[in-house]
Amino acid sequence: MSDLDHTTPPTAQDDVDSPVDGPPVSGDDGSDGATWPVRYPDGDVAIRVNNLHITYRSVVDKKQTLRGRVSRLGRRGTRDNIRLVRAVQGVDFDVRRGEVLGVIGHNGAGKSTMLRGIAGILPPSEGRVEVAGQVSTLLALGVGFNAKLTGRENILVGGLAAGLTRQEILEREDAIIDFSGVRDFIDMPLRTYSSGMRGRLAFAVSTSLDPDILLIDEALSAGDANFKDKASQRMKQLLGEGRTIVLVSHSMGSIMDLSDRVMWLAGGQVVEVGDPETVVDHYNADPDGGRTRAATG
C-alpha cells in the first residue's frame with residue numbers, strides 16, 4: 001500500500017466544500033449488527049482512511065471595496081478575515097478491492113474535499129490515507145487540463161501524467177476521441193470547448209487509463225442523455241473488470257445503480273454507511289437530518 005500520510009494543511013483552498021462543525025458521528029455499515037467502520041484484511045483493501053481530518057484557512061473578504069482592501073495591506077495581527085475551515089472531521093472507512101462506494105450529501109458536506117484527500121491532492125491535517133494500486137482521478141470536469149493546449153494534446157498530457165507511454169496513449173487515442181464525441185474539435189484549443197465537451201473528454205481520458213482505483217466527482221452529470229448513458233455503461237464495464245471506484249454524486253439514480261455501499265456525509269462527518277437502498281431512503285426522507293445528526297452527535 002502506498003501511504004499518503006501528511007501533516008501540514010494547505011493555507012487556502014478555493015474549490016472545496018464548506019463544513020458544518022460538529023463532533024464525530026459513527027454509523028452502521030448495513031451488515032448484521034456490525035459496528036461501523038468495518039475493517040477488512042489488508043489484502044482485500046484498496047483504500048483505507050483512518051481518522052481523516054482536513055482543515056484549512058480561508059480568507060473571508062468582509063470589505064469589498066478597493067479602499068478597504070488597500071487599507072489592510074501591511075497590517076499585522078489582523079485575523080478577523082481568516083476563517084478556519086474543518087472540512088473533513090474524523091472520517092474512517094475501508095473500500096474493498098473491486099467495490100464501488102457511493103458518497104452522498106449536501107453541498108458543503110465535505111465530499112469533494114475527502115476525495116481530494118484520498119487522491120493526495122489535499123494533505124490530511126490529521127489521520128492517514130492508504131491506497132493500493134494505480135489511481136485515476138476525475139474530481140471535477142476538466143481539472144488538470146490545459147486550456148491553451150488542444151484536446152489531442154491534453155489526451156497526451158493526461159496519459160503521460162498517469163504513467164502511460166506515448167505508444168500506449170496513441171493506441172487509446174481514437175477510442176478516447178470517439179467516446180468523447182469531440183472529434184471535430186480535437187485539434188482546437190481546449191478554451192474553445194464548452195463545459196460539456198471538456199467534461200466528456202475528461203471522462204473519456206480518465207476511464208481509459210486502466211486504473212486500479214477510480215475517484216469520480218460528479219462526472220456522470222456531464223453531457224446530454226446519450227453521453228450519460230455511455231458513461232454509465234462505461235462505469236459498468238469497469239465494474240466488470242474488478243476496478244475499485246469511489247463515486248461522489250448528487251444523482252441518486254447513478255448512486256443506486258452503480259454502488260455496492262453508500263456513505264452519507266454531513267458537516268465533514270459520516271452520518272451513515274450501508275446498502276444503497278437503505279442509506280438513500282434515509283437521506284431522501286430527511287436530507288437535512290444529516291446536518292442535525294452530525295452537529296449534535
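Just so we're clear, the structure is a prediction, and the values are computed from it rather than from any experiment.
Listed for the N154 side chain is a donor-acceptor partner under 3.5 Å among the backbone atoms of N146. Under a 3.5 Å cut-off, the side chain of S136 and the backbone N or O of S206 do form a donor-acceptor pair. Distance alone, capped at 3.5 Å, is enough to place a donor-acceptor pair between the T244 side chain and the G98 backbone. Between the D94 side chain and the R48 main chain, no donor and acceptor come within less than 3.5 Å of each other. Side-chain N or O atoms of S259 include none that pairs as donor or acceptor with a backbone N or O of M256 at under 3.5 Å. Formation of a donor-acceptor pair under 3.5 Å by the D260 side chain with backbone atoms of V100 is found in this model. The closest donor-acceptor contact from the side chain of K111 to the backbone of V103 lies at 3.5 Å or more, if one exists at all.
Put simply, CD1 on I169 and CG on L160 are 3.5 Å apart, with the number rounded to the nearest 0.5 Å. Going from atom OG of S249 over to atom CD1 of I255 covers 5.0 Å, rounded to the nearest 0.5 Å. Rounding to the nearest 0.5 Å places CD1 of I186 at 5.5 Å from OG of S180. In this structure, CE on M235 lies 3.5 Å from CD1 on I216, to the nearest 0.5 angstrom. From K148, atom NZ reaches atom CG of L190 across 13.0 Å, with rounding to the nearest 0.5 Å. Note that the CD1 atom of I155 and the CD atom of E173 stand 5.5 Å from one another [nearest 0.5 Å].
Ring orientation note: the planes of Y283 and W264 are nearly perpendicular, at an angle over 60° on the 30°/60° scale.
In this structure, R97 does not pair ionically with D44, as no charged nitrogen and carboxylate oxygen lie closer than 4.0 Å.
When all heavy atoms of E99 and R96 are compared, the pair lying nearest together is OE1-N, 2.9 Å. Nearest heavy-atom pair, D257 versus S232, reported as atom, atom and distance to 0.1 Å: OD2-OG, 3.8 Å. Between S125 and T55 the shortest heavy-atom distance is OG-N, 2.7 Å. The minimum heavy-atom distance between T113 and A87, with the atom names listed, is CG2-CB, 3.7 Å. Contact record, V129 with P124: CG2-CG, 4.5 Å, taken as the closest heavy-atom pair. The two atoms that bring F203 and F179 nearest to each other are CD2-CE2, 3.7 Å, heavy atoms only.
With D92 as the partner, the side-chain contact (heavy atoms from CB on, under 4.5 Å) test is satisfied by one option alone out of L52, N50, V49: N50. Partner of D178 under the salt bridge (charged side-chain N to carboxylate O under 4.0 Å, His left out) criterion, chosen from R200, K230, R183: R183. Remark: of the listed residues V131, I47, L247, I121, I47 is the sole one forming a side-chain contact (heavy atoms from CB on, under 4.5 Å) with L215.
Side-chain contact between L201 and Y193 is present, with heavy atoms from C-beta onward closer than 4.5 Å. Within the 4.5 Å cutoff, the side chain of T278 has heavy atoms near those of the E272 side chain. Looking only at side-chain heavy atoms (C-beta outward), T207 and R234 come within less than 4.5 Å of each other. Taking 4.5 Å as the limit, every side-chain heavy atom of H53 sits out of range of all side-chain heavy atoms of V88. Counting heavy atoms from C-beta on, the side chains of M188 and M197 never come closer than 4.5 Å. Under the 4.5 Å side-chain criterion, counting only non-hydrogen atoms from C-beta, E126 is in contact with N51. Looking at M114 and F93, their side chains come closer than 4.5 Å, going by heavy atoms from C-beta outward. Considering only heavy atoms from C-beta on, Q134 stays 4.5 Å or farther from D210 through its side chain.
Scored by the side-chain contact (heavy atoms from CB on, under 4.5 Å) test, D187 finds R152 as partners (sequence neighbours excluded).
Few gaps surround CD on E171; more than 12 heavy atoms of other groups in view lie less than 6.0 Å from it.
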Next item on the list: Using the side chain to side chain contact (heavy atoms under 4.5 Å, CB included) rule, take I245 and L101 through it: C-alpha gap first, then chi angles, then the decisive distance, then the call.
Entry: CA-CA 6 Å; I245 299 174; L101 177 68; over 6 Å; no
